[in-house]
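Just below is one structure, and these are the notes that go with it.
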Number of protein chains: 2
Amino acid sequence: MARPKQFDPEIALDLAVDIFWESGFEATSIERLCRRLKLNPGSLYGAYGDKRALFIAILDRYVDKVSLEAIQRISGSPSGILGIVNYFDFLIEAILGGKRRWGCLITNSLIELAAREPEIAAKVELHFTRLETAFASALARAQAAGELRPGFGPESAPYFVCLVQGLNVLARTKPTRARLRAIVDVALDPLRDGAALLSPKSVA
Amino acid sequence: MARPKQFDPEIALDLAVDIFWESGFEATSIERLCRRLKLNPGSLYGAYGDKRALFIAILDRYVDKVSLEAIQRISGSPSGILGIVNYFDFLIEAILGGKRRWGCLITNSLIELAAREPEIAAKVELHFTRLETAFASALARAQAAGELRPGFGPESAPYFVCLVQGLNVLARTKPTRARLRAIVDVALDPLRDGAALLSPKSVA
DNA sequence: ATCATTCTTGAATACTGATTCAAAAACTCC
DNA sequence: GGAGTTTTTGAATCAGTATTCAAGAATGAT
């Protein structure tokens, strides 16, 4: 018995993700948000609360999607090595093609906001933990299958997280495919022995 | 025949570096700057121009210092491998100890500003090129000395730049020394054969 | 059809924060 | 010591942007 919303709050959130992702929190004005979402200030505040609350909402949305996506790629192969290789291949293409040319919203938010916003720091932390866990279990599987060079195992997972962050930074420099490939080929060299058997495409 | 400045503009710049480094461009207000530098708005504008100009000035200052520092560490050893290992050891300690717990002002600025500020993007680019060049020449020396695993050479330099960026991101998560060490130990594994002879301390 | 409720609209408000400025002060040179 | 120049001071101004709000509009229930 009331007037229904004239917009889909979920779809609008997706629009908002893009703007914050590209420009960050501080540099994104409510006015720009309103223009892009085709919403008036009143509607926006009614639906989401203030700017900070909106940002938290879009960050949650992004984290859910990106965490899941990463875990699925990394854990999606029977071979742990192949899962990792596939994930990095995917990441390269994402950086070159889609919105990941803006890096990763999580990485960007860590740098812009985590120091003064514990709530945001916690969300970043959560994602990093998930990512590391996915790498660790892939590495454990690879190790168990004897595909891993001695000295490498699940405890090397933080290295892969670091690598991902490095690529997310470089994403903002408009790198070429060749450049990203070269980096990943060197970075994944420890996996090469096993991967060579499994993924001729990704290992020069 | 005029009133002299009551503050040292160079020293004040160093103060300003820290604030922008910690909080970024947008989140740093002129008021906070004035309070920390113990300057009134008029003096600040008189000395440096507007906020953007001040930021460019402190970024220049930072880039000069950090580029030089990196190049000296990387190129400072007769062995190319040792230079690289030393640089990463230094980076770990810097992240744990000093202001590098805020990551790297260059990395932070790339993410916050490069997309909309070509002038800043160019300065970031410049530093990355210098860093990559330093790595490449260290790798070339190592290769010439036969210290490098086959398949590695100067063309692997972008990988090391990526690594540095990853560490700069992780710096903002308050990582432990053990964690950073673990990452670097894995990351520098390709150099291990040669380094083992030269740097017992850094290679577990 | 009317009521109660919620949504939309877009102007008004309230802030924050960047920038300017006029007056006073400090210095050097003559 | 006075003239001329630059710096300091801190309040005033200006601009931009986050947030609120009052009025009008759309809906379902009675």
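Labels below follow one simple rule: chain letters A, B, ... track the order of the sequence lines, proteins then strands, and each chain is numbered from 1.
Rounded to an integer number of Å, the gap from Glu31(A) CD to dT16(C) P is 20 Å. Taking atom NZ of Lys5(B) as the reference point, atom C1' of dT6(D) lies 8 Å away to the nearest angstrom. Across the protein-nucleic acid pair, Leu44(B) atom CG and dC21(C) atom P stand 17 Å apart, rounded to whole Å. Here the C1' atom of nucleotide dT19(D) and the CZ atom of Phe55(A) are 19 Å apart, to the nearest Å. Taking atom CG on Leu33(A) and atom P on dA18(D), their separation rounds to 9 Å, with Å as the unit. A straight line from NZ of Lys38(B) to P of dG10(D) spans 15 Å, rounded to a whole angstrom. The nearest whole Å value for the distance from the CG atom in Asn40(B) to the P atom in dA24(C) is 16 Å. Rounded to whole Å, atom P of dC7(C) lies 12 Å from atom OH of Tyr48(A).
A side-chain donor-acceptor contact under 3.5 Å links Asp8(A) to the backbone of Glu10(A). A donor-acceptor pair is defined here as one N or O able to donate and one able to accept, closer than 3.5 Å; such a pair exists between the side chain of Asp50(B) and the backbone of Ala53(B). The backbone N or O of Phe7(A) sits nowhere less than 3.5 Å from a side-chain atom of Lys38(A) that would complete a donor-acceptor pair. Tyr159(A) places no side-chain N or O within donor-acceptor distance of the main-chain N or O of Asp185(B), the cut-off being under 3.5 Å.
Contacts with DNA chain D (heavy atom under 4.0 Å) in residues 19-27 of chain B: none are found.
Below 30°, between 30° and 60°, or above 60°: for Phe135(A) and Tyr87(A) the angle between ring planes is above 60°, a perpendicular geometry. Ring geometry, Trp21(A) versus Trp102(A): the interplanar angle exceeds 60°, so the pair is classed perpendicular (tilted spans 30 to 60°).
Counting non-hydrogen atoms under 4.0 angstrom, Gly46(A) reaches nothing in the nucleic acid.
Two residues, Ile30(B) and Phe7(A), neighbour DNA chain C, and the one matched to the more 5' nucleotide by heavy-atom proximity is Phe7(A). Nearest-nucleotide positions on DNA chain C for Arg3(B) and Thr28(B) put Thr28(B) closer to the 5' end. DNA chain D is contacted by both Ala2(A) and Gly49(A); Gly49(A) maps to the nucleotide lying nearer its 5′ end (nearest heavy atom per residue).
Taking the side chain of Gln6(B) as heavy atoms from C-beta on, and the options dA18(C), dT8(D), dT17(D), the nearest nucleotide is dT8(D). Nearest to the side-chain atoms of Lys51(B) among the listed nucleotides dG17(C), dT19(C), dT8(D) stands dT19(C). In the set dT19(C), dT17(D), dT19(D), the nucleotide with an atom closest to the side chain of Asp50(A) is dT19(D). Side-chain proximity of Pro41(A) to dC27(C), dT19(D), dA18(C): nearest is dT19(D).
Listed pair Ser43(A) / dT8(C) meets the phosphate criterion, a side-chain N or O lying under 4.0 Å from OP1 or OP2.
Looking at Glu93(B) and Arg73(B), no side-chain N of the basic residue comes within less than 4.0 Å of a carboxylate O on the acidic one, giving no salt bridge.
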